[in-house]
Amino acid sequence: MRTRGALGTLRTWRRFFLWLLLFSLGILSLFRYNFASIRDLEVFISMGVCPKARMALLRDNFTGPLSLRARPEVLTCTSWGALILWDGTFDPAIAKETAERQNLTIGLTVFAVGKYLEKYLARFLETAEQHFMVGQRVVYYVFTERPLAVPRVALGPGRRLRVERVVRERRWQDVSMQRMRTLHKALGGRLGREADFVFCMDVDQHFNATFGPEVLAESVAQLHAWHYHWPRRLLPFERNPRSAAALAHHEGDFYYHAAVFGGSVAVLRALTWHCARAMQQDRARGLEALWHDESHLNRYFWLHKPAKVLSPEFCWSPELGQRTEIHRPRLLWAPKEYAMVRTS
């Protein structure tokens, strides 16, 4: 009797753990595929705290003294000593003065191919004139297959617009992946001669608040708004070991968004060459990384740590709603209308 009772108890516990496992996997699946009610729970996942000893060593060439303790609720530094920039941790006036004293020119590149041109480009440029590097010398580089369709936007003093023709790719994935090769070529040409620092951005977003010289550094990565609370093992890195973008489960620091990255011309030349070459290697093997050029960008920033990381405040998705740690969104994603813009 005791043996039969013990077996029954064991079966009960096995069923309990099986149901617990299935429930956990179900919750993680919902979480990963962005169900809003589940995603609201991620705010309870701690981002960690920057150690005081590491805080004391942080320096920034553009923002002067940092006020990292002004944001105790978020992570303000990386394990390799780079700053994670949040609203309230820097003085924008000092950053602007520093950039003006150095007499810098900042480049901003954007690809507007197919229906993305009509749908997003005008607002992107108009809001950039209101918020991007205001008071600085800026050169916009618009890459499109239809230069004559680029909208006319009134530009402020010291700000110029260049339009570069690109070939329209057959698939939207190829448009995304080809931009690294195109950017590498441009950075080795006129763009590289004109600009001291360059930011590369997606066109399907618009500026909402000041995006100034405080973001400048030799290499700059953007925390992905949809993944900045996630534990490393759940981050959507490329996991196929045959891919040149692959990261093992113990690798990767944060998940970075390819919608915003930047840095000096020299560093961006190295970054774009790395990604373009890696994608070529994958194609030769009949592979395509899970998130295309973004997967390769994340591999690059794992191997070559960014000098500065931008918090999700600098590129925010309104679909995520309001969050207490997001004080002042600088860029806002446009609603994703893939069915419309990705058709020819």
Side-chain angles (χ1 to χ4, degrees), residues 59-64 83 85 87 90-112 120-144 147 150-166 179 182-203 205-222 259-272 306-308 310 313-315 328 330-331:
R59 295 289 182 271
D60 187 80
N61 292 336
F62 284 94
T63 57
L83 169 69
L85 203 64
D87 187 63
F90 60 91
D91 187 337
I94 293 177
K96 184 175 181 180
E97 180 184 338
T98 303
E100 289 173 350
R101 189 167 58 248
Q102 295 185 24
N103 199 28
L104 299 174
T105 296
I106 296 104
L108 176 57
T109 71
V110 64
F111 284 71
Y120 302 113
L121 182 59
R123 191 179 189 192
F124 178 90
L125 292 173
E126 288 165 0
T127 57
E129 275 300 286
Q130 297 169 20
H131 300 294
F132 181 76
M133 304 293 170
V134 175
Q136 311 298 323
R137 291 208 307 267
V138 170
V139 54
Y140 299 106
Y141 268 71
V142 176
F143 296 91
T144 180
V150 172
R152 295 181 180 273
V153 175
L155 302 178
R159 300 167 80 90
R160 289 169 290 171
L161 175 66
R162 309 280 195 206
V163 180
E164 299 285 341
R165 184 187 293 274
V166 294
R179 73 168 176 160
T182 302
L183 285 170
H184 181 76
K185 183 178 179 181
L187 288 160
R190 184 167 62 175
L191 172 59
R193 294 190 297 271
E194 286 186 314
D196 300 290
F197 292 90
V198 176
F199 268 82
C200 308
M201 297 188 181
D202 284 355
V203 72
Q205 52 192 349
H206 67 273
F207 291 88
N208 182 65
T210 302
F211 201 104
E214 62 273 359
V215 304
L216 298 177
E218 280 296 299
S219 60
V220 184
Q222 169 69 56
V260 177
F261 62 94
S264 68
V265 170
V267 169
L268 287 182
R269 284 268 291 166
L271 182 157
T272 52
K308 184 178 288 184
L310 303 183
E313 290 176 316
F314 284 84
C315 187
R328 196 179 181 207
R330 311 306 173 100
L331 272 168

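Judged by distance alone, the side chain of D87 and the main-chain N or O of R328 form no donor-acceptor pair under 3.5 Å. Counting only distance, with no hydrogens or angles, the side chain of Y141 and the backbone of G107 share no donor-acceptor pair below 3.5 Å.
Closest approach of A195 to V265, counting heavy atoms only: O-CG2, 3.4 Å. Residues M133 and P213 approach most closely at SD-N, 3.5 Å, considering heavy atoms. For A112 against T144, the heavy-atom pair with the smallest separation is O-OG1, 2.8 Å.
Side-chain contact check for M201 versus F111: every heavy-atom pair is 4.5 Å or farther apart. Using a 4.5 Å heavy-atom cutoff, the side chains of V142 and L121 are in contact. Between L271 and H184, the closest side-chain pair of non-hydrogen atoms is not below 4.5 Å. Taking the side chain as every heavy atom from C-beta outward, V198 and F261 never approach each other to under 4.5 Å. The side-chain heavy atoms of I106 and D196, taken from C-beta on, include no pair separated by under 4.5 Å.
Separation of atoms CD (Q222) and CZ (F199) is listed at 9.0 Å; rounding is to 0.5 Å. We find the CG-SG distance between L310 and C315 to be 9.0 Å, quoted to the nearest 0.5 Å. Of the inter-residue distances, the one linking T272 atom OG1 with L187 atom CG reads 5.5 Å to the nearest 0.5 angstrom. Rounding to the nearest 0.5 angstrom, the gap separating the CG atom in L331 from the CZ atom in F211 is 5.5 Å. With rounding to the nearest 0.5 Å, the separation of CD in Q102 from CD in Q136 is 10.0 Å.
By the 4.0 Å N-to-carboxylate-O rule, D202 lies close enough to R179 to be salt-bridged with it.
Remark: V267 pairs with E218, S219, S264, Y300 by the side-chain contact (heavy atoms from CB on, under 4.5 Å) rule, at least two apart or across chains. Every residue was checked against the side chain to side chain donor-acceptor pair (under 3.5 Å) condition with T109, not counting sequence neighbours, and none meets it. Shown here are the ring-ring contact (aromatic ring centres under 6.0 Å, His included) partners of F62, two or more places apart in sequence or in another chain: F197. With sequence neighbours left out, the ring-ring contact (aromatic ring centres under 6.0 Å, His included) criterion links F124 to F207. Scored by the side chain to side chain donor-acceptor pair (under 3.5 Å) test, T210 finds no partners at all (sequence neighbours excluded). The side chain to side chain donor-acceptor pair (under 3.5 Å) test applied to T182 returns no partner, not counting sequence neighbours. Legend: residues meeting salt bridge (charged side-chain N to carboxylate O under 4.0 Å, His left out) with E164, ordered by chain and number and at least two apart, are R190.
Sorted by first and then second residue, the side-chain hydrogen bond (donor to acceptor under 3.5 Å, both in side chains) pairs with a member in residues 121-132 read R123-H206, E129-Y140, E129-R159; sequence neighbours excluded. Applying the salt bridge (charged side-chain N to carboxylate O under 4.0 Å, His left out) test to pairs two or more places apart or on separate chains, those with a residue in residues 207-217 are E214-R330.
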With a cut-off of 3.5 Å and sequence neighbours excluded, list every side-chain donor-acceptor pair involving residues 90-100.
unit_1 : atom_1 : unit_2 : atom_2 : d
D91    : OD1    : A93    : N      : 3.0
T98    : OG1    : I94    : O      : 2.8

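Partner of L161 under the side-chain contact (heavy atoms from CB on, under 4.5 Å) criterion, chosen from V150, V138, L108: V150.
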